[in-house]
Amino acid sequence: GSPATFTVSADSSVDAVTAGTVEMTIMFGGVDIYTNSEDLCAKTTCPMQKGPVTITLVEDLPPIAPPGTYGMRLEGHGAQKE
């Protein structure tokens, strides 16, 4: 396998997020094939202020990953699920 780097720009609707999770789902052919949850503050600076934020994720793809177009859904949640 090889690492894939995803850099996502988003907007936080909540001010001063000090803890939370980033939930990532990878899709292939419209089917969810991989899900992972990580510490939000390990991926961006906390406290995270309201407004634009950039999150970078590096995931190792398995050697059996077929070539093609993949989709990704990324959701960030504060500790209170805001």
Handout entry: In one Ile/Leu/Val/Met/Phe/Trp/Tyr side-chain cluster, 4.5 Å: Phe6, Val53
Key = yes

Nearest 0.5 Å please: distance from the [atom1] atom of [X] over to the [atom2] atom of [Y].
X     : Y     : atom1 : atom2 : answer
Asp15 : Gln49 : CG    : CD    : 5.0 Å
Glu38 : Ile55 : CD    : CD1   : 10.5 Å
Met48 : Leu40 : CE    : CG    : 5.0 Å
Asn36 : Ile26 : CG    : CD1   : 9.0 Å
Thr35 : Met24 : OG1   : CE    : 8.5 Å

Exercise for the section: Using a strict 4.0 Å threshold on nitrogen-to-oxygen distance, state whether Arg73 and Asp32 make a salt bridge. Expected result: yes

[X] versus [Y], closest heavy-atom pair with distance:
X     : Y     : value
Lys50 : Ser13 : CE-O, 3.6 Å
Thr44 : Thr54 : OG1-O, 3.5 Å
Ser12 : Val17 : OG-CG2, 4.4 Å
Asp39 : Gly20 : OD1-O, 3.4 Å

Handout entry: Verdict with supporting geometry, Leu74 and Val22, side chain to side chain contact (heavy atoms under 4.5 Å, CB included)
Key = CA-CA 7 Å; Leu74 187 69; Val22 175; 3.1 Å; yes

Problem - Qualifying residues under side chain to side chain donor-acceptor pair (under 3.5 Å), relative to Glu75, sequence neighbours excluded - result: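 Glu75 satisfies side chain to side chain donor-acceptor pair (under 3.5 Å) with His77 once adjacent residues are dropped.
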
Handout entry: pair Tyr34-Glu59: side-chain heavy atoms closer than 4.5 Å
Key =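 Yes; the side chains approach each other to less than 4.5 Å.
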
Completion exercise
Residues passing the ring-ring contact (aromatic ring centres under 6.0 Å, His included) test with Tyr70, sequence neighbours excluded, are Phe28

